[in-house]
Structure formats: C-alpha cells, structure tokens
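Take a look at the structure set out below.
Proteins get letters first, then strands, A, B, ... in listed order; numbering begins at 1 in each.
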Amino acid sequence: MSLGNSFGLCFFHSLLKSQLQTKTLKSSLLIFRQLLQSNLKPSDITFSLLIKASASSSFASNSLKSKIEANQMHTHLFKSSIIQLVYVKTGLLNLYVNLGCIENARFLFEEMPDRDVVAWNALISGYSKNCYDIFAFNLFIEMVREGFRPEAATLVGLVPSCGRLELAFQGKSIHGFGVKAGLDKDSKVKNALTSMYAKCGDLEGAEILFEEMVEKTVVSWNTMIGAYGQNGLFDEAMVLFNKMRAQDLEANSVTLMSLLSANADPETLHCFAIKVGFVNNASVIASLVCVYAKCGDSESAELLHKSLSQENLVSLTAIVSSYAEKGNMDKVVPCFTRSQMLDMELDEVAMVSILHGVKNPANIAIGLAFHGYGIKTGLFIHCLVANGLISMYSRFNDIDAVFSLFSEMQEKPLISWNSIISSCVQAGRTGDAMELFCQMRMYGHVPDAITIATMLSGCSQLGYLQFGKKLHGFILRNNLEMEDFIGTALTDMYVKCGTIELAERIFKSIQEPCLATWNTMITGYGIGGFENKAFNHYTELQKRGLKPDKITFLGVLAACIHGGNVDKGRRYFQMMVEEFAISPGLQHCASMVALLSRCGYFGEALLFIRNMESEPDSAVWGALLNGCCIHQEVKLGEYLAKKLYLLDHRNGGLYVLMSNLYASKGMWDDVARVRQIMKDTGGDGCSGTSLIELTS
DNA sequence: GTAGGGTTAG
C-alpha cells in the first residue's frame with residue numbers, strides 16, 4: 001500500500017510540475033482534488049508543488065475566488081501540520097503575496113519560529129511588489145540588524161521600491177552595499193539597478209550600468225528601452241530596439257510593451273505583434289488597448305479588448321478611462337456592468353477612472369451611487385479613491401462633501417492636500433486654501449509644483465501679490481522647474497495682480513514658453529490695455545511654430561475690446577473660424593458682441609447674435625446691455641433687461657447695469673426703482689470689490 | 001530582473 005501511495009504521488013507530482021509551466025491555477029487545484037479522491041495522502045512535496053504552481057499563475061486569477069482557494073490550501077496545510085516546515089510556509093507566503101494578501105503574508109512571517117534568508121527575501125519582495133515600499137525598506141533594515149546576510153535576491157526584491165519612490169540616494173546606498181557584498185555581479189541585480197536609476201531620472205547612471213554589462217539578456221535590453229521611454233527619449237528607445245534586433249536577440253512581449261509605452265506608433269507595433277505572434281498575449285493586447293485608448297480611439301480599443309480570450313481589468317480600465325476623459329458616462333456605466341457580470345473585482349485604479357468620468361451635473365446620482373459602491377466594497381479606504389471622490393464633489397461645487405471626505409482620510413498624502421486646496425481655489429475660497437496650505441506644511445509636507453501652481457491661481461483670484469511673491473521665492477529657493485505649469489501660473493499671478501512688468505520678466509526668463517504661457521501674456525496685455533503688445537505676441541507665437549487655440553483668441557479679442565479695434569476684432573474672429581477651424585464658444589461670441597456694441601454697432605451686434613449657432617447666454621446679452629449703458633440706449637436696454645431677468649434673475653450685474661444706464665440719462669426715479677428691486681430680491685447682497693496691493 | 005490601467009494643475 002505504501003508503495004502504491006508513493007507511486008501514485010509521483011504521478012500527481014509530475015502532473016503538478018507540468019502545470020508550473022502552463023501556469024493555470026484551476027488545473028493545479030483540479031489535480032490536487034483528484035489526488036485526494038484517489039485516497040492518496042499528500043506529502044510536503046505535493047503541497048510545495050501545488051503552492052508553487054498556484055503562485056506563478058496569479059496574473060489573471062487575482063480574484064476573490066483565488067483568495068478563497070489559497071485560504072483552503074492554508075487550512076489543509078494547517079490540519080496536516082506540514083505548515084511547520086519553513087519552506088512550505090514561505091511558499092504559502094509567496095502565494096499570498098502574489099494575490100495581494102499582504103496582511104496574511106505578514107502573519108505567516110511573524111509566526112515563523114526559525115525564519116531563513118529566503119523567508120526574509122519573500123516578504124521584502126512581497127512588500128515591494130505590492131507597492132508597500134516603505135515596509136520593504138524597514139524590513140530590509142530589520143533583516144540586517146538581526147544579523148542575516150542579504151543575498152542577490154534580497155536586493156532584487158528591494159531595489160524596485162527605491163525606483164518607485166524615486167529615492168535615488170537610498171538606491172545608490174543599496175548599490176554600494178551590493179558592490180561591497182559582491183552581489184552586483186548578478187545580472188538580475190544589475191537589471192534591477194538599471195531600472196532604478198532610470199526611474200529616479202538618472203539616465204546616465206542607467207546607461208553606465210547597461211554599457212558595463214558583458215552579457216546583456218533580453219531583460220537588460222528591455223530595461224534600457226523602458227528607461228529611454230520613461231524619460232521621454234522615444235527615438236533612443238527605437239534605436240536601441242533596432243540594435244537589439246541586429247544582435248539576433250528575439251524581442252519578447254515585454255519589449256513590445258516597453259516600446260508601446262515609449263510612444264511608438266501603435267499601428268506599426270500592432271502589425272509587428274501580429275507578425276511575430278503576440279496577438280494572443282493578453283498583456284500585449286492590454287498594452288495596445290491602452291495606447292489606442294490614450295489616442296482617444298476608444299472604439300478601436302474596445303474592439304481589441306473584446307478580442308481577448310479572457311478580459312482583464314487593466315485593459316478594461318484603459319477603456320473606461322478614455323470614455324471617462326470625455327465625460328461619457330453612457331459608455332462608462334455599461335463597462336462597469338460588464339465587469340460585474342464577469343465577476344471581476346474592481347480595484348482602486350478602476351474606481352478612480354470611473355469617478356473621473358462623473359463631470360456633468362446630470363450625473364450626480366451616478367456619482368453618488370459609485371460613492372456608495374466604494375463604501376460597500378471598502379475601496380474608499382484607498383486614498384486614491386478618496387481623492388477621486390474629493391475631485392468629483394469639487395466638480396459639483398459641493399465643498400462640504402469635499403471637507404468631510406478629507407477629514408475622514410486616515411492617510412493624507414500630498415496629492416490629497418493638493419486636491420482639497422484646488423477644490424477650495426476653484427470654489428473661490430482662497431482663504432480656506434491658504435489655511436490648508438499652512439496646515440499641510442505643519443504636517444511636514446513639502447509643496448510640489450502642483451501645490452504651488454494651484455496656490456498661485458488662488459492669489460490671482462484675490463490679487464494677493466505679497467503672498468504670490470512669497471511663492472515665487474519658494475520656487476526659486478527650491479529650484480522648481482519654471483517651464484509650463486509653474487511659469488504660466490506665476491505669469492498669470494503677476495498679470496492678475498496688475499504688475500505686468502513683473503509678468504513680462506518671468507515670461508522672458510522662460511526659454512520655451514508653451515501655448516498656455518503665451519495665452520496668459522496675451523490676455524494680460526489685452527485686459528491691461530496694451531493691445532499692440534497683445535497683437536505682437538499673437539504674431540510672435542505663430543513664428544515660433546505654435547498654433548493659437550480658443551484661449552488665445554479670447555485674449556486677442558479682449559485686446560480688441562480694450563482698444564476699440566472693431567475691424568481687427570472682426571478679422572481675428574473670422575480667422576479663428578476659417579483658418580484655425582475653431583468653433584466659437586459663448587465667451588467668444590460675448591466678446592464680439594461687447595466689441596461691436598461698445599463701438600455703437602448695435603445693428604451688427606444683434607445680427608451677430610441672431611446668427612449664433614448656440615443659444616446666447618446671459619454673458620452675451622449682458623455684453624450688449626453694457627454697450628447700451630455706454631451709448632445710453634435706454635429702450636434697447638430695457639428690452640435686454642427683461643430678457644436677462646428671464647434667463648438669470650439672480651444675476652446682480654443686470655441691476656447694476658440698469659441703474660447705471662438710468663443714471664447716465666438722469667432718470668433718477670428709475671434708478672431708485674431698480675435699487676429697491678435689488679434690495680427686495682437680495683439678489684446682489686454683496687457689492688463687488690476691486691483690490692490691488694501696492695508693490696513695495 | 002524588464003512592461004501594462006488612475007488621481008492633483010494654467
């Protein structure tokens with residue numbers, strides 16, 4: 001009988017070993033169940049193989065069901081006391097790590113009486129794989145303190161954490177540690193270090209390591225191709241790919257994926273994938289789906305996604321996100337339903353993508369439902385999801401919800417502070433934003449470019465020049481990149497605070513201003529009364545090869561209004577529509593109406609309004625009413641006031657304009673009447689304030 | 001060891 005048992009076991013063991021190559025959790029378990037049905041008693045080797053086969057199959061099976069199955073294995077092991085063996089326990093730990101059950105893994109580790117180096121390695125790399133980067137670090141320190149000698153595998157597990165956290169200094173220390181311990185000869189360590197340098201932005205460091213490698217494997221080439229891609233050097237990535245092929249090395253699926261993320265042409269690579277037979281590779285398809293989705297070609301993405309034999313969350317999230325970007329919830333919701341039908345467990349990234357699509361006020365109910373879903377599934381615990389909810393409520397101007405979500409967050413990373421500060425700024429509550437900014441600093445966070453850009457925009461709103469200058473000082477002291485976002489925000493702050501000379505100085509210091517920065521200057525000149533400078537900048541930006549957008553034209557039109565240049569305004573408007581194919585928005589139309597009516601062309605202004613494609617809003621009619629005030633057109637003004645009242649009776653500006661109009665004609669009874677209505681309706685409770693701080 | 005989905009901004 002015992003001979004039969006060992007023979008039978010050998011048979012099942014070899015079956016399990018073959019599963020290790022094919023990597024399917026289901027069939028491994030099936031084999032195990034058949035083994036039990038044959039009345040065979042599993043040995044430690046059986047369990048070890050079963051666990052290994054399951055652990056290596058975690059990609060598509062990261063579901064609740066797999067977690068339950070892992071728990072079942074755990075119970076079996078516990079009952080048979082095989083779990084006492086360190087290597088079996090480490091195997092199980094690894095399985096939990098691959099399923100993302102990091103708590104269970106930690107639990108197993110803690111109750112190991114005699115941990116060996118392999119167990120330490122398993123948990124360190126487990127933390128790292130699941131992005132518990134700080135935990136990985138601390139465990140490494142603990143390991144060294146307890147007198148264990150790290151191996152190559154330890155470093156391979158730990159180094160990616162340095163890359164993800166962009167901890168260049170710590171990464172270099174570990175590199176040094178590896179050199180001293182003689183572990184840096186290991187090719188896996190070298191690859192991991194190369195990738196770490198690239199992620200920390202030290203491309204030179206990555207290149208040196210790559211060049212040093214005597215035997216470059218496909219993984220080494222992939223790492224360096226990825227390194228170029230991540231640092232925006234797309235051509236270099238492509239050159240390296242060709243070099244690699246010239247050495248007769250076969251590209252694998254990761255090579256293709258690295259190239260895809262390096263902005264290579266998706267159609268070319270799609271053809272290449274078909275040619276070399278990667279079209280059945282779920283990861284390659286998922287990457288292609290992502291690229292198509294990113295280009296905004298959601299339909300191609302969805303078509304390709306459906307060709308997958310087993311749909312996966314990554315590729316579905318890419319599609320959701322491309323629809324969400326456009327706020328198209330009619331497409332997002334069916335994707336969600338589909339994921340539920342397929343029994344997919346959504347993760348925090350998928351959830352955040354969905355929330356991102358809830359923009360239209362008509363979709364508030366859907367947003368609330370997803371908030372509920374987040375609570376039920378426990379996903380809202382993730383600060384990513386909480387941030388997504390904060391941004392969503394902020395888009396709906398529900399600042400109370402924003403504050404309550406923020407206060408409930410257990411962990412508040414910088415990005416959450418940025419979210420709430422930007423919510424306040426957008427809601428016009430710059431005072432609150434400033435207070436939060438101070439609190440954030442007290443919590444020990446160092447503001448990043450986004451914090452500063454947001455705060456600057458708050459200063460622009462209120463004309464807080466002094467605070468804006470302090471932020472400028474912060475930018476200089478911390479060597480923050482002055483291009484794009486920060487440069488624009490700073491220029492805008494100086495413009496809005498009425499210090500155009502300072503804005504000019506910043507603008508000139510930016511080597512290659514982007515379109516948004518040019519727009520800020522043009523708008524600044526436009527509203528500040530320097531229309532010729534605005535027009536010159538418009539010409540100049542085109543000389544630099546930039547294409548004006550709708551904001552540029554708003555700026556130019558503002559300049560025309562200020563200078564009363566009707567002809568120029570008409571020409572710019574026509575140019576915008578005909579030459580640049582920009583369809584005029586309501587703001588453009590309001591600008592044209594303002595321009596025409598200010599110069600007394602009421603007939604043309606009315607004709608313009610009649611020919612508008614979209615329904616004129618209160619800004620358009622308001623612009624015309626403002627023209628009436630200037631030209632004392634009482635009759636037309638009264639007609640417009642009625643129209644405006646019907647459109648938006650709470651708009652205080654209407655009463656102010658009418659009052660001014662009557663006053664300009666000396667019609668004091670009417671002035672009194674309008675002022676009385678204002679008081680009665682309480683529509684304009686607060687008076688407007690203009691503020692400018694004097695420069696010192 | 002290498003790769004893939006997401007958030008904050010003018």
Any A/S258 side-chain N or O less than 4.0 Å from OP1/OP2 of B/dT2: no
- prompt: A/L260 CG to B/dT2 P: how many Å, rounded?
  reply: 18 Å
query: Centres of the A/Y373 and A/F380 rings: under 6.0 Å?
result: no
field: A/A318, nearest nucleotide to its side chain (from B/dT8, B/dG5, B/dG4)
entry: B/dG5
message: For a quick check of understanding: with a heavy-atom distance under 4.0 Å over all strands, which category does A/D347 fall into, base, sugar-phosphate or nothing?
response: base
field: Aromatic ring proximity A/F140/A/Y127, centre distance under 6.0 Å
entry: no
Side chain of A/N418 (C-beta onward), nearest among B/dG1, B/dA3, B/dT8: B/dT8
query: Applying ring pair (Phe, Tyr, Trp, His ring centres under 6.0 Å), which residue pairs with at least one partner in residues 206-232 of chain A are found, sequence neighbours left out?
result: A/F210-A/W221
Residue A/T517, side-chain atoms from C-beta onward, closest of B/dT8, B/dG10, B/dG5: B/dG10
query: With a 4.0 Å cut-off, would you call A/D186 and A/K190 a salt bridge?
result: no
message: If the cut-off is 4.0 Å, is A/Q230 near the phosphate of B/dA3, judged by side-chain N/O to OP1 or OP2?
response: yes
Of the listed nucleotides B/dT8, B/dG5, B/dT2, the one nearest the side chain of A/S195: B/dT2
task: Have a look at A/T217 and say if it touches a base, only the backbone sugar-phosphate, or nothing, with a 4.0 Å heavy-atom cut-off.
output: base
query: Checking all strands, does A/K216 fall into the base, sugar-phosphate, or nothing category for heavy-atom contacts under 4.0 angstrom?
result: nothing
query: With a non-hydrogen cut-off below 4.0 angstrom, is A/C383 in contact with a base, only sugar-phosphate, or nothing?
result: nothing
field: A/M213 CE to B/dT2 P, straight-line distance once rounded to whole Å
entry: 12 Å
message: Can you tell me if A/K294 touches the phosphate of B/dG5, counting only side-chain N or O atoms and a distance under 4.0 Å to OP1 or OP2?
response: yes
- request: With the side chain of A/S321 defined as its heavy atoms from C-beta on, choose the nearest nucleotide among B/dT8, B/dG5, B/dT2.
  value: B/dG5
- request: Could you work out which one of B/dT8, B/dG10, B/dG1 sits closest to the side chain of A/A192?
  value: B/dG1
task: Using whole Å, report how far CE of A/M196 lies from P of B/dT2.
output: 12 Å
- prompt: Counting any heavy atom closer than 4.0 Å, what does A/V352 reach on the DNA or RNA strands: base, sugar-phosphate only, or nothing?
  reply: sugar-phosphate
task: Whole angstrom is fine here: how far is it from CG in A/L259 over to P in B/dG4?
output: 11 Å
query: Between atom OH in A/Y228 and atom P in B/dT2, what is the gap in whole Å?
result: 18 Å
task: Give the nucleotide from the list B/dT8, B/dG4, B/dT2 with an atom nearest to the side chain of A/A286.
output: B/dG4
- prompt: Rounded to whole angstroms, how far apart are CE on A/M344 and C1' on B/dG5?
  reply: 12 Å
query: Contact class for A/L313 vs. all strands (heavy atom < 4.0 Å): base, sugar-phosphate, or nothing?
result: base
- prompt: Just checking A/S187: base, sugar-phosphate only, or nothing, at a heavy-atom cut-off of under 4.0 Å?
  reply: base
message: Could you work out, with salt bridge (charged side-chain N to carboxylate O under 4.0 Å, His left out) as the rule, every residue matching A/D432, not counting sequence neighbours?
response: A/R429
- request: Determine the sole option in A/Y525, A/F553, A/W518 for which the ring pair (Phe, Tyr, Trp, His ring centres under 6.0 Å) test with A/Y538 is passed.
  value: A/F553
query: Within the pair A/K199 and B/dA3, is there a side-chain N or O less than 4.0 Å away from OP1 or OP2?
result: yes
task: Look at the side chain of A/S422 and decide which nucleotide, out of B/dT8, B/dG4, B/dT2, has an atom nearest to it.
output: B/dT8
- prompt: Rounded to whole angstrom units, what separation is found between the CE atom of A/M224 and the P atom of B/dG1?
  reply: 20 Å
query: Base, sugar-phosphate, or nothing for A/T488, non-hydrogen atoms under 4.0 angstrom?
result: base
- line: Picking from B/dG4, B/dT2, B/dT8, the nucleotide nearest the side-chain atoms of A/S283 would be B/dG4
task: Mind running salt bridge (charged side-chain N to carboxylate O under 4.0 Å, His left out) on A/E311 and A/R338 for me, showing each step along the way?
output: CA-CA 10 Å; A/E311 290 184 36; A/R338 190 167 172 73; 2.3 Å; yes
field: Euclidean distance, atom CD of residue A/Q426 to atom C1' of B/dG10 [Å, nearest integer]
entry: 11 Å
- request: Indicate whether OP1 or OP2 belonging to B/dG4 is found under 4.0 Å from a side-chain N or O atom of A/S261.
  value: yes
statement: Regarding the side chain of A/M257, the nearest nucleotide among B/dT8, B/dT2, B/dA3 is B/dA3
